[in-house]
Amino acid sequence: MTTAQNMPGYVWSAVGDAPVREVFPGIRIRPLWQGERGASAQVVEMDPGSCWEGVDVHEPGPEEVFVVSGVFNDGYRDYPAGSFIHAPAGSSHIPQTAAGCTLFVFYPEG
């Protein structure tokens, strides 16, 4: 019997063990997984009142975001915990939060 844990390519990671990198004041990224063809998954932690510096353009592919906790704002509207956002390739926004939030972000194409 093959279990998931001994299947080739099966990977797991814990957010608390992931390296943390501050990309802008109050915004930290914790990479969880990087695929061979550029796909990646990460957790983004945004402190209350933080804002991405500049416009976040989704290239070369889309960005998919799940709001784990708090309230995320893309420059247009608020997304409370439990929200899912699919941003197609070529779209853009200015990530920010008044209350603070934690996001799971997936880039299927890098």
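Heads up: numbering here begins at 1 and tracks the sequence.
- How far OG of S13 is from CD of Q42: 11.5 Å, rounded to the nearest 0.5 Å.
- In this structure, H58 contributes its side chain and S91 its backbone to a donor-acceptor pair below 3.5 Å.
- Residues P95 and M46 meet the side-chain proximity criterion, which asks for heavy atoms closer than 4.5 Å.
- Within the hydrophobic cluster formed by Ile, Leu, Val, Met, Phe, Trp and Tyr side chains joined at under 4.5 Å, directly or through other members, I94 is accompanied by V55, V57.
- Across every non-hydrogen atom of Q34 and A39, the tightest pair is NE2-O, 3.4 Å.
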For a quick test of your reading: what N or O donor-acceptor pairs under 3.5 Å do the side chains of residues 16-26 make, sequence neighbours left out?
residue	atom	partner	partner atom	Å
E22	OE2	G26	N	3.0

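- A 4.5 Å side-chain heavy-atom check between P62 and P108 finds at least one atom pair inside the cut-off.
- Rounding to the nearest 0.5 angstrom, the gap separating the CZ atom in R30 from the CD atom in E45 is 4.5 Å.
- Rounding to the nearest 0.5 Å gives a distance of 10.0 Å between CZ of F84 and CZ of F104.
- Proximity of a side-chain donor or acceptor of S92 to a complementary backbone N or O of D56 within less than 3.5 Å is not detected.
- Side-chain heavy atoms closer than 4.5 Å link hydrophobic residues (I, L, V, M, F, W, Y) into clusters, and following such links, possibly through other members, connects V43 to F106.
- There is no path of hydrophobic side-chain contacts, each under 4.5 Å, that joins V44 to L32.
- Heavy atoms only, all atoms of each residue included: A89 and P60 are closest at CB-O, 3.7 Å.
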May I have the list of side-chain donor-acceptor pairs in residues 64-76 shorter than 3.5 Å, sequence neighbours left out?
residue	atom	partner	partner atom	Å
E64	OE2	H86	ND1	3.1
S69	OG	T102	OG1	3.4
N73	OD1	G75	N	2.5
N73	ND2	R77	O	3.2
N73	ND2	D78	OD1	2.9
D74	OD1	Y76	N	2.9
D74	OD1	R77	N	3.1
D74	OD2	Y79	OH	2.9

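- Under a hydrophobic-cluster definition in which Ile, Leu, Val, Met, Phe, Trp and Tyr are linked whenever side-chain heavy atoms come within less than 4.5 Å, directly or via other members, W33 and V15 are assigned to the same cluster.
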